[in-house]
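Heads up: the structure comes next, in structure tokens.
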Amino acid sequence: MKSDFIVNSHPDVTRIAILEDGRLMELIVEKTEEKRIVGNIYLGRVNAVLPGMQAAFVDIGLERSAFLHSSDVRSGVIDAKAFAQSLVEEKPLPAEESNQPIEDLLRRGQDILVQVTKEPIGTKGARVSSRISIAGRYVVSMPGDPVAGVSRKIGDRKERTRLREIVQRMRGEGFGIIARTAGTDQSEDAFKSDVERIIDRWKEIGELTLRSRAPALLHQEYDIITMTMRDLVSAEMSSFVTDSKDVFSIARTYMKRITPDMSARVRLYRGKTPIFDQYGVEQEIVQILNREVPLKSGGSLVIDQTEALVAIDVNTRRYVGKRSQENTILKTNLEAAKEVARQLRLRDIGGIIVIDFIDMDIEDHREKVVNSLRSELGRDRSPTKTCQVSSLGLVEMTRKRVRPSLVQALSEPCPHCGGTGRVLSALSAATRLERLLERASLQKNHRNIVVSIHPDLSEYLMRDDGRRMDHILEKAKLAVEFHEDRRMKVDQFRVFSLDTHEEITSLYDS
């Protein structure tokens, strides 16, 4: 499958579009002030141990403490200095899982080596693990782990056997390694060079740990450009195009070092049309924020994201098919399955996902739909788990989330609705205001009142020759003046007393 990488660089943000056969499949966005920290290794300090949650909070030098669950604690890494010394000596201590309660493993004030596995999202801090690793071009290295494996994404049995033999020979004492997909068809010498570079880096991390005080950053992941090339670029890449001379230099230099014969595929875009417009990416980015996604057949997906889960509804809309109803439903659901997988990658949606396919009575049809979904998800870099289609047409699945979704990165909560997507109707807001003024009139402490409202609410009150406004004033039996303020929310109002020269909204709005 032909892939293209289109990079748009701006002082405030870097955007990387990944096209497969000319269609946008992934969009990586990194704001300048919000650098990614997944993969960073820190010398942290435990500042709280919570036996009831079997977790600890670790200070790694960020605004909020990181979360460390007991399942992510490895025994050999608990003593940070001892483990660091073993890295320097190239004989890492065993980093084994422990079944002990977290209160028996960690204590407040203890130093510990941790790696970020999930970015801070919303009010939650980063998630970390003491199972640390460094990814090279062809292998992932895990000190203290005895593993010698091959990426699950490499499907060819013969190649898997060859790679497993190589990594078993390459594995040094105490350094576990896993062959990455980029290692497919690579020579043993290429693996050897990659492993040697990583082990040298582990020694540097060990030395830095011994002379550092927590919290301290010990290892920082590559910049977004280099990391993308290391993790995603393969022999299937037909072009890597950027509108930035700096990015072009970084990409060309890296490509010459790892795959010289592909360096010519890195090109600098010199056109006058914005690069994302030239490749048709900008228009698709605008559609990422849309709740509804049209399907070619005429059906559609409706995607709703909440704090706890994502719900995706499949609709036939105007598509009625040419044969039986069951065939119409099957065709729509099969098309929807492919588009769902694409949207999950494109929007970088994670967590719990529920897909409401159109109800299918035939078991074979349900099997075809879920197999299609799983096949498409197999091209996803993020791990996913998918359940069978239920008799109601529901599929429950999960997708690993390591950072906020793309919708969160590209947007912010609406200042009017607070992110709910709903505001009080004009009728509800007017009724609420009427009740407030009635309560104020009963107290008789504030006879002269000024009310600030949004122009849209004012326009609603003045409809039908001011009938609603007259009704409110008649019920209130107060001297009330209305003041329009566009800074207000559409369904919001503020009430001030001219008698006491104070705002009285909270006194009567119950």
Side-chain angles (χ1 to χ4, degrees), residues 1 3 5 38-39 41 74 76-77 83 86-97 115 117 129-206 219 221-222 226-238 240 251 253-263 265-266 378-383 400:
M1 179 179 295
S3 62
F5 293 74
V38 167
I41 299 174
R74 296 295 183 270
V77 191
F83 193 77
S86 72
L87 289 178
V88 174
E89 296 171 358
E90 297 186 29
K91 296 181 180 180
L93 295 172
E96 300 172 343
E97 291 188 34
Q115 185 167 35
T117 59
S129 171
S130 65
R131 188 190 189 205
I132 57 180
S133 64
I134 292 180
R137 173 61 175 165
Y138 305 124
V139 302
V140 176
S141 171
M142 294 161 288
D145 195 317
V147 67
V150 179
S151 170
R152 294 177 182 176
K153 291 187 178 293
I154 300 176
D156 185 89
R157 289 187 178 183
K158 187 175 180 180
E159 181 63 10
R160 288 183 65 85
T161 300
R162 186 186 76 89
L163 292 177
R164 186 172 284 108
E165 292 173 352
I166 290 176
V167 297
Q168 286 175 346
R169 289 193 293 269
M170 291 295 101
R171 182 181 60 186
E173 184 178 353
F175 287 95
I177 57 174
I178 295 176
R180 309 186 71 197
T181 53
T184 303
D185 298 328
Q186 296 298 319
S187 67
E188 186 166 333
D189 287 341
F191 276 90
K192 184 177 180 180
S193 298
D194 205 29
V195 170
E196 288 175 350
R197 279 196 300 268
I198 297 175
I199 290 179
D200 286 343
R201 181 60 185 143
W202 281 126
K203 290 177 64 176
E204 293 172 0
I205 290 172
H219 169 76
E221 261 289 11
Y222 285 123
T226 306
M227 189 165 60
T228 297
M229 301 193 76
R230 181 197 68 189
D231 295 343
L232 303 181
V233 167
S234 66
E236 296 176 337
M237 183 192 79
S238 59
F240 188 103
T253 300
Y254 183 78
M255 192 61 76
K256 283 183 176 179
R257 182 164 64 87
I258 63 167
T259 317
D261 58 333
M262 290 178 61
S263 60
R265 302 182 195 182
V266 179
R379 295 154 57 188
D380 195 339
R381 291 185 293 126
S382 293
K400 186 176 181 181

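- Judged by distance alone, the side chain of R164 and the main-chain N or O of V150 form no donor-acceptor pair under 3.5 Å.
- Atom CG of residue L93 and atom CG of residue L87 lie 8.0 Å apart, to the nearest 0.5 angstrom.
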Take R162 and K158, measure what side chain to side chain contact (heavy atoms under 4.5 Å, CB included) needs, and give me the verdict at the end. CA-CA 6 Å; R162 186 186 76 89; K158 187 175 180 180; over 6 Å; no
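- Rounded to the nearest 0.5 angstrom, S3 OG and M237 CE are separated by 7.0 Å.
- Using a 4.5 Å cut-off on side-chain heavy atoms (C-beta onward), I205 and I134 make contact.
- Judged by distance alone, the side chain of R74 and the main-chain N or O of S129 form no donor-acceptor pair under 3.5 Å.
- Taking CD1 of I178 as the reference point, atom CG of D145 lies at 7.5 Å (rounded to 0.5 Å).
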Test side chain to side chain contact (heavy atoms under 4.5 Å, CB included) applied to K256 and V266, step by step: CA-CA 10 Å; K256 283 183 176 179; V266 179; over 6 Å; no
Decide side chain to side chain contact (heavy atoms under 4.5 Å, CB included) for Y254 and R137; before the verdict, give the C-alpha distance in whole Å, the side-chain angles of both, and the deciding distance to 0.1 Å. CA-CA 11 Å; Y254 183 78; R137 173 61 175 165; 4.2 Å; yes
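- Other residues, nucleotides and ligands place more than 12 heavy atoms under 6.0 Å from the CZ atom of R257.
- In this structure, E188 places its CD atom where more than 12 heavy-atom neighbours from other residues, nucleotides or ligands lie under 6.0 Å away.
- When all heavy atoms of T181 and S151 are compared, the pair lying nearest together is CG2-OG, 3.6 Å.
- When every heavy atom of A95 is checked against every heavy atom of P143, the shortest pair comes out as CB-O, 3.9 Å.
- More than 12 non-hydrogen atoms from other residues, nucleotides or ligands lie less than 6.0 angstrom from NZ of K153.
- Residues K192 and M170 are in side-chain contact: their nearest non-hydrogen atoms beyond the backbone lie under 4.5 Å apart.
- Counting only heavy atoms from C-beta outward, the side chains of R230 and E221 approach each other to under 4.5 Å.
- Looking only at distances, no side-chain donor or acceptor of S193 sits under 3.5 Å from a matching main-chain atom of A190.
- Counting heavy-atom neighbours within 6.0 Å of R152 CZ, excluding the residue itself, gives a total of 12 or less.
- Expressed to the nearest 0.5 Å, how far CD1 of I198 lies from NZ of K203 amounts to 15.0 Å.
- Here CD1 of I41 is found 8.0 Å from CZ of R201. Values are rounded to the nearest 0.5 Å.
- The minimum heavy-atom distance linking G174 with P92 is given by the pair O-CG, 3.7 Å.
- Taking the charged nitrogens against the carboxylate oxygens, D194 and R197 do have a contact shorter than 4.0 Å, which makes a salt bridge.
- Residues L163 and G183 share a closest heavy-atom pair of CD2-O, 3.7 Å.
- The shortest side-chain heavy-atom distance between F5 and L232 falls under the 4.5 Å cut-off.
- Counting only distance, with no hydrogens or angles, the side chain of Q115 and the backbone of S133 share a donor-acceptor pair below 3.5 Å.
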Trace of the side chain to side chain contact (heavy atoms under 4.5 Å, CB included) decision for D231 with Y222: CA-CA 11 Å; D231 295 343; Y222 285 123; over 6 Å; no
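- Interatomic distance, R157 CZ to T161 OG1, rounded to the nearest 0.5 Å: 9.0 Å.
- In this structure, the side chains of T117 and R131 stay at 4.5 Å or more apart for every pair of heavy atoms.
- A donor-acceptor contact shorter than 3.5 Å is absent between the side chain of Q186 and the backbone of F191.
- Using a 4.5 Å cut-off on side-chain heavy atoms (C-beta onward), Y138 and I166 make no contact.
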